[in-house]
J.: 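The structure follows.
Proteins get letters first, then strands, A, B, ... in listed order; numbering begins at 1 in each. Just the heavy atoms: all of them, side chains too, but no hydrogens, waters or symmetry mates, feed the values below.
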2 protein chains.
Amino acid sequence: MARIKTEKNTSRKDVIVSKAAILFREKGFKAASMRDLAESVGVEAASLYNHIKSKTELLHELCFSVANRFLQKLDEIESEPISAIQKIEKILRFHIVEMVNNYEEVYVSDREWKHLNDPYLSNFQNQRRIYRKRLAAIIETGIKNKEIKAIDAPTAVLILLHAISGIESWHRSKQKITAAALEENMVTILVGGLTI
Amino acid sequence: MARIKTEKNTSRKDVIVSKAAILFREKGFKAASMRDLAESVGVEAASLYNHIKSKTELLHELCFSVANRFLQKLDEIESEPISAIQKIEKILRFHIVEMVNNYEEVYVSDREWKHLNDPYLSNFQNQRRIYRKRLAAIIETGIKNKEIKAIDAPTAVLILLHAISGIESWHRSKQKITAAALEENMVTILVGGLTI
DNA sequence: AATTTGCACTAACGTATGTTAGTGGTTTAT
DNA sequence: ATAAACCACTAACATACGTTAGTGCAAATT
């Protein structure tokens with residue numbers, strides 16, 4: 001009857017959530033079973049329910065904690081007195097760093113949100129839509145100011161965001177370049193591609 | 001006892017496979033049930049097994065038919081007497097057109113291949129790895145010939161491929177720009193970002 | 001030290017899933 | 001017209017799943 005081991009300032013629920021992130025990333029939300037999760041936590045499946053309400057709750061936690069981090073950072077960057085292209089670069093770098101350091105969570109939030117249930121689902125979709133619109137607005141500004149090529153802003157956003165999610169492949173590749181080098185390469189290509 | 005309707009030159013199995021693509025794209029492979037699929041085909045679940053061997057077979061068919069199309073096109077483009085950056089642009093355009101016209105299949109092949117079983121799984125992963133290496137080799141050549149910026153080639157490949165998969169979002173968006181405009185925008189940003 | 005709370009356990013439930021067996025009608029080929 | 005192949009059906013199976021109920025030990029609180 002060994003308990004779930006926690007480090008200080010992390011609840012047992014936190015442990016479960018972060019093991020869930022690893023598992024959901026690896027197998028996908030639907031394919032990952034509560035029994036799998038229990039095993040990776042070192043406990044019986046039923047015991048998980050002393051700490052969480054449901055499997056989907058785990059997905060909520062992951063999706064919204066990631067979404068909130070990005071929204072907060074966007075607030076911050078939007079209000080800085082810098083050029084549009086500089087904002088885009090900052091956001092891009094933040095995404096990359098997040099994807100590198102919080103791989104599992106960010107990945108799961110990006111790929112598995114479809115399995116959320118309403119009202120969380122609509123909620124998440126809205127946040128996502130709004131986030132993208134705000135990015136597009138920054139790009140529009142950059143275009144108006146002749147910093148950025150005259151392209152379709154939503155398309156540019158979609159390229160940026162999806163390109164970032166490619167870091168998944170980097171994570172799993174054998175011969176990785178350093179995270180810093182990865183970041184510079186991505187910025188070179190993407191910011192370079194946008195700039196006039 | 002109405003039979004599955006086929007158009008000429010398509011077997012009943014083909015009908016099932018393409019309905020499966022739609023369903024797998026929408027719900028994900030694991031979450032899409034054979035009973036769902038049966039309903040969308042207009043038949044009882046058990047009846048599907050007169051035409052297919054298993055659920056995973058549907059995934060094989062989808063994944064490998066897509067993979068083969070891309071491999072074949074790459075063979076073709078590789079042997080053309082054009083510059084590296086032109087090859088990259090051609091491949092990019094092919095990917096975009098495929099993603100636009102064969103949305104469901106390409107998407108499923110890209111996102112759901114994890115649920116393949118061995119030996120298909122390793123097989124698919126190998127093909128994927130090799131495909132990417134060949135793309136990276138083209139980029140390396142371009143760098144050597146000073147057509148392309150001195151970046152990490154595998155990173156560039158990963159950005160290209162994932163950016164393309166962003167067309168998913170375009171497909172679902174309400175106010176779409178035309179497919180042609182999408183293609184031009186993507187080429188502008190991505191080829192522009194690679195070129196010196 | 002006594003009491004309350006936390007938490008992991010076993011057992012089990014209801015449901016959904018992929019799939020098989022067997023039957024009989026319908027289309028195709030002879 | 002007869003035989004053969006095709007194919008959709010009903011019924012059912014075994015398994016895997018998320019989750020609940022109830023029990024008792026261990027830790028935290030008083």
J.: Between atom CZ in A:Arg12 and atom P in D:dA26, what is the gap in whole Å?
T.: 15 Å
J.: Indicate whether OP1 or OP2 belonging to C:dC9 is found under 4.0 Å from a side-chain N or O atom of A:Ser47.
T.: yes
J.: Rounded off to whole Å, could you give me the NZ-to-P distance for the B:Lys30 and C:dA16 pair?
T.: 17 Å
J.: Please state how far atom CD in A:Glu44 lies from atom C1' in D:dC17, giving the value in whole angstrom units.
T.: 15 Å
J.: Between A:Leu58 (CG) and D:dT19 (P), how many Å, whole number?
T.: 9 Å
J.: Check the distance between C:dT20's C1' and B:Glu57's CD and give it to me in whole angstrom.
T.: 16 Å
J.: Does A:Glu80 pair with A:Lys87 as a salt bridge, N-O distance under 4.0 Å?
T.: no
J.: Find the distance A:Asp36:CG to D:dG18:C1' and express it as a whole number of Å.
T.: 13 Å
J.: Between A:Lys13 and A:Glu61, does at least one N-O distance fall below 4.0 Å, as a salt bridge requires?
T.: yes
J.: Distance only, no hydrogens: is a donor on one side chain within 3.5 Å (strictly under) of an acceptor on the other, for B:Glu44 and B:Ser47?
T.: no
J.: Is the shortest distance from a Lys or Arg side-chain nitrogen in B:Asp110 or B:Arg25 to a carboxylate oxygen in the other one below 4.0 Å?
T.: no
J.: Rounded to whole angstroms, how far apart are NZ on A:Lys53 and P on D:dT20?
T.: 11 Å
J.: By the 4.0 Å heavy-atom rule, please label B:Ala38 as base, sugar-phosphate, or nothing.
T.: nothing
J.: So, does the side chain of B:Arg35 form a donor-acceptor pair with the base of C:dG18 at under 3.5 Å?
T.: yes
J.: Ignoring backbone atoms, establish whether B:His51 has a side-chain N or O less than 4.0 Å from OP1 or OP2 of D:dA8.
T.: yes
J.: Just how far, in rounded Å, is P of D:dA14 from CE of B:Met34?
T.: 20 Å
J.: If the cut-off is 4.0 Å, is B:Arg3 near the phosphate of D:dC6, judged by side-chain N/O to OP1 or OP2?
T.: no
J.: Of all the choices, C:dA11, D:dA8, C:dT19, which nucleotide is nearest to the side chain of A:Ala46 once you look at every atom?
T.: C:dA11
J.: Quick check: on DNA chain C, is the nucleotide nearest B:Ile52 upstream (toward 5') of the one nearest A:Gly42, or the reverse? Name the residue that is more 5'.
T.: A:Gly42
J.: For the side chain of A:Tyr49, counting heavy atoms from C-beta on, which of D:dT20, D:dA8, D:dC9 is nearest?
T.: D:dT20
J.: Flag this pair as yes if the NZ/CZ of A:Lys55 is under 6.0 angstrom from the six-membered ring centre of A:Phe29 and inside a 45 degree cone about the axis; otherwise no.
T.: yes
J.: Tell me which of A:Asn50 and A:Ser33 sits closer to the 5' end of DNA chain D, going by the nucleotide each one is nearest to.
T.: A:Ser33
